[in-house]
Amino acid sequence: MASILTGDKEYFKGVGQIKYEGPESDNPLAYRWYDENRVVAGKTLKEHLKFATAYWHSFVGSGADPFGGQTHVFPWDEKSDVIERAKDKMDAAFEFFTKIGFPYYCFHDVDVVDYGNDINENDRRLQALVEYAKEKQAASGIKLLWGTANLFSHKRYMNGASTNPDFHVLAHGAAQVKSALDATIALGGENYVFWGGREGYMSLLNTDMHREIEHFAKFLHAAKDYARKQGFKGNFFIEPKPCEPTKHQYDYDAATVLGFLQKYDLMNDFKLNLEVNHATLAGHTFQHEMQVAADNGLLGSLDANRGDAQNGWDTDQFPNDINEVTEYMLVLLQSGGLQGGGVNFDAKIRRNSTDPADLFYAHIGGADVFARALIIADNILQKSDYKKIRAERYASYDSGKGKEFEEGKLTLEDLRAYAIEAGEPAVISGKQEYLENLVNRYI
Ligand code: XLS
Ligand code: NI
Ligand code: NI
């Protein structure tokens, strides 16, 4: 099969176009819930979820872990010429994107093509692949959800990039961000992500935290100003994570980043790209992180994955828990959806998942669990007393003194007087088990 989509080689032989076949299908290479045209709460599933494939986990990650090397041997990784090898990888990537049927993809600069130490040469390489990607995007209709720069793998970034104590390293990070922004803009990327992989510290003994965070803010302003000057209209996303690889990362969680964006006057341009496994590392549920973001107008995009309940690491497994994802979708629907972003599967198949079809099973499972959860959440909101129960819990603020309090009209003395007048409050149930059962009933 030779085409603009697959080059002259088919990499995922034996797997065709993945189609929606419905819940009764027993075909493991079909969607049972993700019917992209199905309308839920006024939009199609495709529009609500904007699924994206992550270049790094699917086409770069080799299965290596700290205890063992590569188990995923990629047929697109064979040629010695850097550009030719990168083009093969892109052929494989677009073959996958097309077969899985997701509308978007995401990448880091160095996922697309290997970088060396020469800034000009790296730019030349990235630009060559951007030209190639333009053709692929035009032929397939697949779009770039977001681009980003990898400022954490190269050894020069071992003490961070924009928060590095050495200005010389910061400037290298800036050069890389400039090229990644240029690439994102050239490809019509809808958003640009900053995940601060090593923007944090290993020990406070050698760290001037105040100075580093000031540098981080200056760096983001410079990047944003450059992109806007080039006509970029999309969102910038910060992706919070509390730690790993650093002991402490400055973008700890949604609330921490909110404070940072407010303090440094970045609220107009930046929103959040939240990741499930980062939330759990921070000791939060993902729905908590989504709610914090939504309540502050920052719910931009989602990196979908899951951790492991027993070990707590950033294991980046594919999502599979319908109960949890239903809670995410309840927040999503009630907050009016994602602002500019989508659902990017920042997840990797296990190192012992070595069949070409495994990558498909993983993405099919992830898409189906999100689609099904969205449908369930919509049913809960439309058909159950869930919203009524939540509203009734706060009814005492809807009128009288409670309303006056919300309007800022009561003093501490007024509150004391009301307490005496109203007497001891009744004990009112929070109905948690009732609501948990309700969610399960709709599943
Ligand atoms: C790592 C992050 C990373 C970002 C992009 O934990 O999730 O993959 O999404 O740099
Ligand atoms: Ni992550
Ligand atoms: Ni991520």
Side-chain angles (χ1 to χ4, degrees), residues 50-62 64-66 104-112 115 144-154 157 160-163 173 176-177 179-181 183-184 189-200 216 219-220 223 235-254 257 270-284 286 289-290 293 299-308 311-319 328 338 340-349 362-363 366:
K50 293 173 70 178
F51 285 137
T53 312
Y55 220 94
W56 52 104
H57 284 311
S58 294
F59 312 107
V60 186
S62 67
D65 71 11
Y104 289 94
Y105 71 110
C106 302
F107 65 71
H108 301 87
D109 45 5
V110 302
D111 302 332
V112 168
Y115 270 18
L144 181 62
L145 186 65
W146 49 261
T148 189
N150 176 329
L151 304 184
F152 44 90
S153 293
H154 193 285
Y157 299 125
S162 61
T163 62
Q176 231 182 293
V177 167
S179 316
L181 281 167
T184 301
E190 297 182 11
N191 308 280
Y192 185 88
V193 164
F194 291 91
W195 171 59
R198 296 186 196 271
E199 312 295 16
F216 186 33
F219 188 96
L220 293 178
N235 298 292
F236 298 94
F237 295 144
I238 292 196
E239 184 176 325
K241 188 175 181 180
C243 58
E244 204 204 289
T246 55
K247 173 191 167 38
H248 181 99
Q249 197 178 306
Y250 296 135
D251 298 328
Y252 197 92
D253 60 3
V257 178
F270 284 76
K271 300 193 190 309
L272 298 176
N273 178 37
L274 299 170
E275 180 164 319
V276 180
N277 208 166
H278 297 182
T280 49
L281 273 177
H284 302 306
F286 191 54
E289 288 293 84
M290 287 181 68
L299 187 61
S301 203
L302 306 179
D303 269 6
N305 59 23
R306 76 177 204 273
D308 178 301
N311 66 21
W313 306 326
D314 193 12
T315 57
D316 288 345
Q317 288 162 259
F318 276 80
Y328 313 161
L338 301 171
V343 175
N344 167 49
F345 289 97
D346 193 352
K348 59 184 180 222
I349 52 175
H363 286 85

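Order of listing sets the numbers, starting from 1, for every ligand and every atom in it. The first residue in the sequence is number 1, and the count goes up from there.
- Glu275 contributes OE1 as its N, O or S atom closest to the Ni ion (ligand 3).
- Residue-level check: among N/O/S atoms of Asp346, OD2 sits closest to the Ni ion (ligand 3).
- Contacts of Glu244 with ligand 1, taken as heavy-atom pairs under 4.0 Å, are absent altogether.
- Within Glu239, OE2 is the N, O or S atom that lies nearest to the Ni ion (ligand 3).
- The closest approach of His278 to the Ni ion (ligand 2), by N/O/S atoms, is made by NE2.
- If you look at Asp303 and ask which of its N, O or S atoms sits nearest the Ni ion (ligand 3), the answer is OD2.
- A donor atom on one side chain and an acceptor atom on the other are found under 3.5 Å apart for Tyr104 and Glu190.
- Looking at Lys348, His108, Glu239 and measuring to atom 2 (C) of ligand 1, the nearest heavy atom belongs to Glu239.
- In this structure, Phe270 has its ring center under 6.0 Å from that of Phe236.
- Separation of the Phe318 and His363 ring centroids falls under the 6.0 Å cut-off.
- The shortest N or O to N or O distance between Trp195 and ligand 1 is not under 3.5 Å.
- When only interatomic distances are considered, the shortest N/O to N/O separation between Asp303 and ligand 1 falls below 3.5 Å.
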